[in-house]
Every structure is written in C-alpha cells, then in structure tokens.
Amino acid sequence: MIRLEGIQRVFQVGDETVYALRDVNLEIGPGEYVSVMGPSGSGKSTLLNILGLLDRPDEGVYRLETVDTTELGDARQAEVRRHKIGFIFQFFHLIPRLTAAENVELPMILAGVAPSERRGRVETALAALGLADRARHRPDQLSGGQRQRVAIARATIMRPRIILADEPTGNLDRTSGKDVVDTIEALNREGLTVVMVTHDPELGARTRRQVQIVDGRIRGDRREAP
C-alpha cells in the first residue's frame with residue numbers, strides 16, 4: 001500500500017543544511033498498525049507529512065497503492081489525500097466556531113458530497129464514538145477526549161484507507177488517552193492501515209510494528225511475531 005524509495009527531505013536553516021530525512025526506504029502493507037518512534041528532531045513528523053501528502057520529498061519516490069504520488073500535481077495530491085488519508089493530530093485542529101457535527105461534515109462539503117448524505121454519515125459517525133449528544137457543541141464545550149473523538153470522526157468520515165496519527169494522546173490525560181487509543185485500534189481491526197508517530201514507548205509497544213528513526217534515517221524496524 002505504502003512504498004517509500006530513497007526519500008530525502010532537506011531544509012535550509014540560515015546557512016545550515018538540515019537533512020530531515022536521509023535515504024528512507026519503507027514499505028507498509030494494508031491493515032498494518034505501525035508506530036514511528038525516535039527522539040525530538042529525528043524526522044518523525046517530516047516522514048508523516050510526506051506520507052500524508054502534506055509535504056514533498058526532495059529526492060526519491062513515494063508510491064501509494066502503486067501510484068507515484070511524487071509525479072502528481074498539487075490538485076491531484078489534494079484529491080488523493082482527501083479520499084484515501086485521514087489525519088489525527090495532537091492538538092485536534094478543530095474549527096472553534098463550528099459545532100462537532102459541522103467539523104465532522106467539513107471534509108464532505110469540500111469533496112462535494114450531497115447534503116442529504118452528509119447528515120446521515122455525520123450522525124452515524126458521532127453516534128459510533130459516543131458523541132451523539134454532543135453534536136451541537138462547539139470544541140470549547142467539549143473535554144479533550146471528546147474533541148479528539150470528534151477529530152477521529154472527521155478523519156474517518158471520507159472512509160479513507162489510511163489513518164496517520166501524530167501524537168494522538170499527547171494532549172490528553174491518561175484515561176482520555178486510553179479511550180482514544182482504543183478507538184484507533186478498533187479502526188485498525190476494521191481494516192484501516194494506521195501509522196502513528198509517538199514518543200511514548202508504552203504506546204509504541206502496543207503497535208504490531210515499531211519503526212525507529214534517528215537523524216532522519218531508519219535505524220530499526222521490529223515486527224511482532226505472528
């Protein structure tokens with residue numbers, strides 16, 4: 001499903017050239033549950049941004065379901081991202097003035113889904129995450145765990161094949177964080193591929209595969225025995 005070949009990403013910071021990713025080769029199959037771990041500044045978030053088509057590599061090829069995404073223009077990349085990839089962020093990134101239902105609905109509006117279909121899908125998604133009674137609440141009227149569940153509903157409303165999670169529990173207390181991880185793992189059991197960046201070794205240990213990245217290079221790739 002995901003194949004990275006010789007990926008490099010370079011940033012110029014003043015007079016210094018910073019290699020965020022160096023010759024990264026990585027394959028992730030359908031339905032895998034993968035954590036990406038490493039110290040701060042190791043390249044984890046840069047890798048996730050490239051996987052999510054939010055950034056482009058300077059060198060190398062990124063194939064998603066056999067399509068060479070590095071050859072796609074911005075508009076086509078945005079279309080692929082909208083329909084195939086869902087994002088869960090540490091700080092939720094909900095729009096403050098919109099209700100929970102409106103935040104979840106937004107990707108479908110951008111994709112041109114008919115209003116009649118949007119309403120039903122939003123109701124189903126929120127109910128599945130125990131948020132039916134919070135549909136009309138704005139983000140500032142929700143707890144951290146509830147906001148993250150709204151973000152998960154938004155991430156999955158377009159029925160993507162891949163979920164990319166960047167420190168999904170980093171802004172939550174332990175109880176709320178466990179609920180969010182349980183929800184993400186339930187999505188994985190339903191067949192979604194999950195790639196999660198985390199600095200938390202306890203959370204990383206829950207995944208069936210752990211990729212270690214240091215100084216922009218993959219230094220370890222451990223799979224759980226079948």
Side-chain angles (χ1 to χ4, degrees), residues 9 11 13 18 20-21 33-56 77-78 81-82 84-111 122 125-126 128-131 134-158 160 162-188 192-207 211 213:
R9 185 68 176 100
F11 296 98
V13 182
V18 177
L21 295 175
Y33 181 25
V34 183
S35 58
V36 179
M37 305 180 69
S40 178
S42 62
K44 303 187 300 297
S45 293
T46 301
L47 177 61
L48 206 71
N49 286 340
I50 286 175
L51 291 176
L53 301 177
L54 297 173
D55 192 11
R56 291 179 181 268
Q77 277 203 352
R81 184 169 60 242
R82 185 180 304 125
K84 295 186 181 295
I85 303 169
F87 297 90
I88 303 170
F89 299 101
Q90 178 178 354
F91 294 103
F92 321 128
H93 293 329
L94 301 176
I95 298 176
R97 69 178 183 276
L98 300 183
T99 65
E102 289 167 340
N103 268 283
V104 175
E105 184 183 21
L106 187 57
M108 292 189 290
I109 294 174
L110 297 175
V122 168
L126 290 175
L129 292 170
L131 294 167
R134 295 291 187 268
R136 296 183 181 274
H137 288 62
R138 294 188 309 275
D140 63 356
Q141 298 170 312
L142 302 172
S143 69
Q146 289 170 337
R147 277 178 276 175
Q148 192 62 295
R149 280 184 282 151
V150 171
I152 291 171
R154 181 185 58 189
T156 57
I157 199 68
M158 289 298 295
I162 300 165
I163 293 293
L164 302 178
D166 192 357
E167 303 282 6
T169 64
N171 205 34
L172 301 175
D173 61 70
R174 179 170 289 273
T175 299
S176 297
K178 181 181 182 304
D179 290 343
V180 165
V181 173
D182 288 344
T183 300
I184 292 172
E185 291 179 348
L187 293 171
N188 177 248
L192 273 71
T193 302
V194 175
V195 182
M196 177 169 56
V197 161
T198 181
H199 68 278
D200 182 349
E202 183 177 336
L203 181 54
R206 293 180 63 131
T207 66
V211 173
I213 186 167

*Asks:* Is there any salt bridge (Lys or Arg N to Asp or Glu O under 4.0 Å) pair reaching into residues 37-51, and which pairs are they, with sequence neighbours excluded?
*Replies:* none
*Asks:* Considering non-hydrogen atoms only, spot the tightest contact between Pro96 and Pro139 and give its length.
*Replies:* O-CD, 3.5 Å
*Asks:* Are there over 12 heavy-atom neighbours, none belonging to Arg138, within less than 6.0 Å of that residue's CZ?
*Replies:* no
*Asks:* Looking at every non-hydrogen atom in both residues, tell me the closest pair between Gln141 and His137 and how far apart they are.
*Replies:* OE1-CA, 3.4 Å
*Asks:* Output every pair passing salt bridge (Lys or Arg N to Asp or Glu O under 4.0 Å) with a member in residues 46-55, not counting sequence neighbours, ordered by first then second residue.
*Replies:* Arg9-Asp55
*Asks:* Once ring pair (Phe, Tyr, Trp, His ring centres under 6.0 Å) is applied, do any residues pair with His199, and if so which ones, sequence neighbours excluded?
*Replies:* none
*Asks:* Is the shortest heavy-atom distance from the side chain of Val36 to the side chain of Leu48 under 4.5 Å?
*Replies:* no
*Asks:* If you define the side chain from C-beta out and look only at heavy atoms, does anything of Ile88 sit under 4.5 Å from Gln148?
*Replies:* yes
*Asks:* Could I get the full list of ring pair (Phe, Tyr, Trp, His ring centres under 6.0 Å) partners for Tyr33, not counting sequence neighbours?
*Replies:* none
*Asks:* If you round to the nearest 0.5 Å, how far is CG of Leu131 from CZ of Arg149?
*Replies:* 4.5 Å
*Asks:* Side chains of Ile152 and Leu187: does their closest heavy-atom pair fall under 4.5 Å?
*Replies:* yes
*Asks:* What heavy-atom pair brings Met37 and Gly204 nearest, and what distance separates the two atoms?
*Replies:* SD-CA, 3.8 Å
*Asks:* With a 4.5 Å limit on heavy-atom distance, are the side chains of Ser45 and Asp166 in contact?
*Replies:* yes
*Asks:* Among Leu106, Val104, Asn103, which residue meets the side chain to side chain contact (heavy atoms under 4.5 Å, CB included) test with Val122?
*Replies:* Val104
*Asks:* Evaluate Phe92 against Asn171 for side chain to side chain contact (heavy atoms under 4.5 Å, CB included), listing each step before the verdict.
*Replies:* CA-CA 9 Å; Phe92 321 128; Asn171 205 34; 3.9 Å; yes
*Asks:* Provide the closest heavy-atom pair for Leu21 versus Gly43 in the form atom of the first, atom of the second, distance.
*Replies:* CD2-O, 3.6 Å
*Asks:* Hey, does Arg82 have a side-chain heavy atom less than 4.5 Å from the side chain of Pro107?
*Replies:* no
*Asks:* Shortest non-hydrogen contact from Met158 to Ala111?
*Replies:* CE-CB, 3.5 Å
*Asks:* Ignoring hydrogens and geometry, is there a side-chain-to-backbone donor-acceptor pair from Ser42 to Pro39 under 3.5 Å?
*Replies:* yes
*Asks:* Could you grab the distance from atom CG of Asn49 to atom CZ of Phe87, nearest 0.5 Å is fine?
*Replies:* 8.0 Å
*Asks:* Tell me, please, which residues at least two apart from Ile109 pass side-chain contact (heavy atoms from CB on, under 4.5 Å).
*Replies:* Glu105, Arg118
*Asks:* May I ask you to test the Met196-Val181 pair for a side-chain heavy-atom distance under 4.5 Å?
*Replies:* no
*Asks:* Do you know the tightest heavy-atom contact between Pro168 and Val197?
*Replies:* CD-O, 4.0 Å
*Asks:* Would you give the length of the straight line joining atom CG of Leu51 to atom CG of Leu164, rounded to the nearest 0.5 angstrom?
*Replies:* 6.0 Å
*Asks:* Measuring from atom CD1 of Ile184 to atom OG1 of Thr169, what distance do you get when rounded to the nearest 0.5 angstrom?
*Replies:* 8.0 Å
*Asks:* Is the backbone of Asp182 close enough, under 3.5 Å, to the side chain of Glu185 for a donor and an acceptor to pair up by distance?
*Replies:* no
*Asks:* Going by the rule side chain to side chain donor-acceptor pair (under 3.5 Å), which residues pair with Gln90 if we only count those two or more places apart in sequence or in a different chain?
*Replies:* none
*Asks:* Let me confirm one number: the CG-CZ distance from Asp140 to Arg147, rounded to the nearest 0.5 Å.
*Replies:* 8.0 Å
*Asks:* Once rounded to the nearest 0.5 Å, what's the spacing between atom CZ of Arg174 and atom NZ of Lys178?
*Replies:* 11.0 Å
*Asks:* Taking Gln146's backbone N and O only, do any of them form a donor-acceptor pair with Ser143's side chain (distance below 3.5 Å, no angle check)?
*Replies:* yes
